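Working notes for the structure below.
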Protein chains: 2
Amino acid sequence: MSKGRLLYAQSGGVTAVINASASAVLAQARARRVPVLAGKNGILGVLREQLLDTSSISASEIKALAHTPGGAFGSCRYKLKSLEQDAAKYQRLLEVFKAHDIRYFLYNGGNDSADTALKISQLAQQSGYELTCVAVPKTVDNDLVLTDCCPGFGSAARYTAVSVMEAAIDVAAMAETSTKVFVYEVMGRHAGWLAAAAGLAGEGAKDAPHIILFPERAFDKAAFLAKVQDTVAKVGYCVVVVSEGVKTPDGNFLAQAEGSVDAFGHSQLGGVGPLLAGMVKDELGLKVHWAVPDYLQRSGRHLASQVDLDHALAVGKAAVELALAGNNGVMPAIVRTSDEPYRWHIDPVPLSRVANAEKKMPDGFIRKDGFGITAACRRYLSPLVQGAAPVPLAKNGLPSHLKLDLPMVRKRLKAWDK
Amino acid sequence: MSKGRLLYAQSGGVTAVINASASAVLAQARARRVPVLAGKNGILGVLREQLLDTSSISASEIKALAHTPGGAFGSCRYKLKSLEQDAAKYQRLLEVFKAHDIRYFLYNGGNDSADTALKISQLAQQSGYELTCVAVPKTVDNDLVLTDCCPGFGSAARYTAVSVMEAAIDVAAMAETSTKVFVYEVMGRHAGWLAAAAGLAGEGAKDAPHIILFPERAFDKAAFLAKVQDTVAKVGYCVVVVSEGVKTPDGNFLAQAEGSVDAFGHSQLGGVGPLLAGMVKDELGLKVHWAVPDYLQRSGRHLASQVDLDHALAVGKAAVELALAGNNGVMPAIVRTSDEPYRWHIDPVPLSRVANAEKKMPDGFIRKDGFGITAACRRYLSPLVQGAAPVPLAKNGLPSHLKLDLPMVRKRLKAWDK
């Protein structure tokens, strides 16, 4: 069964736990005595024949990989078109696979990566070259279909809930003579899962966040401002969580990246958070602060959830087993069988049904007024943020992360002529 | 010795550990059998005779207070003028002290609060009313003089170092096909201590952060852009940490709060981070992301340093002892006697020398090129971020925080006619 080599690569925005999946892939492949190569910077490294040799990684380093955020082998944003449109590139991939006796390809990413993996699985079938391609799920956006959740999301959700909770306590303490409205911007261009996770920060009617703005609901300026004013009147302050993807009623992003120019004539980059803050200040005359954690929320390994880490490890391990068993064109998905106690297992799903689909928040997860989450949403989210996944400290007192410096395997092909 | 009551109040921007000082004050005063009242929202609550009765707080709640961020009794930004200019207010304070037999007043805050405490200590002397006033240091800005560091700073420094470290790993993994420059904005309007703390994130020449911009150095646009470009060329990406207080050569803040208007005609609020990001994008054409953690950095109790927590507890305990011993007009300061192993103790310093002074970064802590910290700075900072101060988890899996709902003591005076 264990003929040839396994190639693993990371794709798209990295997360706090994508390296945990990598760690599980390495561990499981070793247990099965399959040599592992890693693509440098995802599929780009495969096209360039930049393949990292993982054999020098020690067992303790494999463990350390599991508590290191970011993408240890480098990731990329690089979308392949159809087999016909990008025929030369697929041909090149096939040559690289053949040259290095790669018989298993594991691509760790989100929607686009599932699509790439699907196409490579089809390429394998069409070409007659024996290759098994499996996608390993990962995205803080939680928008992959057919899996109950996506590894990476639980940790970003935990980051969001804890950060909003702590900041809200700060605002509450100072509200009488200082900031009355605090705006927190979360990632999630098309789906409001991370925005929803902020809802876990509070449970009571007066608890923050008082307003969550989802990309699934068109922004209603009047209703928003009325709710802010009402909350300040009743609670003394108002914490707003806004998804970067919130849109106007006509379907445009509320924050246009190129929307404004600062006093120096430079582009004022993005930020629906600062935009809403300006609106609140101008229209309601309230003192306002805003935060945009940006990459901090997806790389915050120090706040990773143990459940998310367990998921990330499980999909990595399962992907190796699925590949070795010859399951071409699948993705190990997380299947939930109980909310409380939380129970789950891994089942493979076909990539043809995963690629290019997008899971938005169901209507039943968004409160009728559009500004918060329902009890059903809370039941769904709560298990995913459970447990503080530990990170050992280095000698300098800060989290210990693994830094890999791997040799590249010798190239056997001509340079890639893209 | 233990006659009358002790009044404790919190002032200015709250921190991750100011409640730890409160916790120590409560514990120590109880050990000495001195009843403790707490001003609601700082000195404002004293003026309004809004005094919280802390006697119902249980011993376990006192412990929980030490791992709760924010200001449990409410804080305020409220500056009293001189004894002459604000004579009526000081008279009112004296009436409140007398009405409730307050013989010890502990004011927990930064520069302004030290000034208020100093004036109240003078008021006590002049009026002949027996009152001992002690300031308890606190500020994430670390800009109080005569103390080696300020409780609150070490935790915000740890938050900054860890966040920059994690985000930098994310950027490094994606740089080839995505973000090349990442800008992280830290608090510190006048002093660059928190910006400097980001320097702990990396040690090697190629490690992030590659550029730190301090308020102590005038912004040189050409030198900044050249350094960004050079770093991207050599390292592949560039992480910039900028203090909110960075100024132009003519002494104005680089980020003027009212500097721009967005596409909707609203104020584009602040953010030297997004401003620099726009500059990098426009002038160098590099893909850029930015983060502004704002209150997250000062309320991030989940990332508090154990050393900072120890300091916060120690100054709270010492303040009670100093007050009971009749040391009017002092502040317990942290005295460092050794960097490694880190050794320190508490000594009182006179408030007359603390109030209204500001400790900036010494020249020897900023690298000659102005873009980083020196080894001396690292030796100073490193002990302050040591140790992960634990936070127990609540049933919902998120950090457990104490919520106080204290009764107000019955008012004995007429309403304050401000």
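Chain naming here is simple, since letters A, B, ... match the order of the sequence lines and numbering starts at 1 in each. Given the structure is predicted, the values throughout are model-derived calculations rather than measurements. Just so you know, these numbers use all the heavy atoms, side chains as well, and skip hydrogens, waters and symmetry mates.
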Hey, is NZ on A/Lys206 packed in by over 12 heavy atoms from elsewhere, all under 6.0 Å?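 No.
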Shortest non-hydrogen contact from B/Ser75 toward A/Met174: CB-SD, 3.6 Å
Shortest non-hydrogen contact between A/Leu393 and B/Ala388, atoms and distance: CD1-N, 4.1 Å
Is [X] close to chain A through its backbone or its side chain, or both, or neither, when contacts mean heavy atoms under 4.5 Å?
X	result
B/Leu200	both
B/Phe73	neither
B/Met165	side chain
B/Ser178	side chain

[Y] backbone acceptor or donor facing [X] side chain under 3.5 Å:
X	Y	result
B/Thr177	A/Arg77	yes
A/Arg298	B/Asp170	no
A/Gln386	B/Leu398	no
A/Glu166	B/Arg301	yes

List for me each residue that meets side chain to side chain donor-acceptor pair (under 3.5 Å) alongside B/Thr179, sequence neighbours excluded, and say none if there are none. A/Tyr295
Going by heavy atoms in the side chains, are A/Pro399 and B/Val162 under 4.5 Å from each other? yes
Roughly how far apart are [X] [atom1] and [Y] [atom2], rounded to 0.5 Å?
X	Y	atom1	atom2	result
A/Glu176	B/Cys76	CD	SG	8.0 Å
A/Leu402	B/Ile169	CG	CD1	9.5 Å
A/Leu303	B/Leu303	CG	CG	6.5 Å

Tell me which of these, [options], has more heavy-atom pairs under 4.5 Å with chain B than the rest.
options	result
A/Lys403, A/His401, A/Glu203	A/His401
A/Gly300, A/Pro293, A/Ser382	A/Gly300
A/Val307, A/Asn41, A/Val292, A/Leu44	A/Val292

Given A/Trp290, A/Tyr184, A/Phe182, the one that forms side chain to side chain contact (heavy atoms under 4.5 Å, CB included) with B/Asp294: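 Of the listed options, the one satisfying the test is A/Phe182.
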I'd like to check the ring-ring contact (aromatic ring centres under 6.0 Å, His included) partners of B/His302; sequence neighbours left out, ordered by chain and number.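 A/His302.
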Between the side chains of B/Lys395 and A/Glu340, is the shortest nitrogen-to-carboxylate-oxygen separation below 4.0 Å, so that they form an ion pair? no
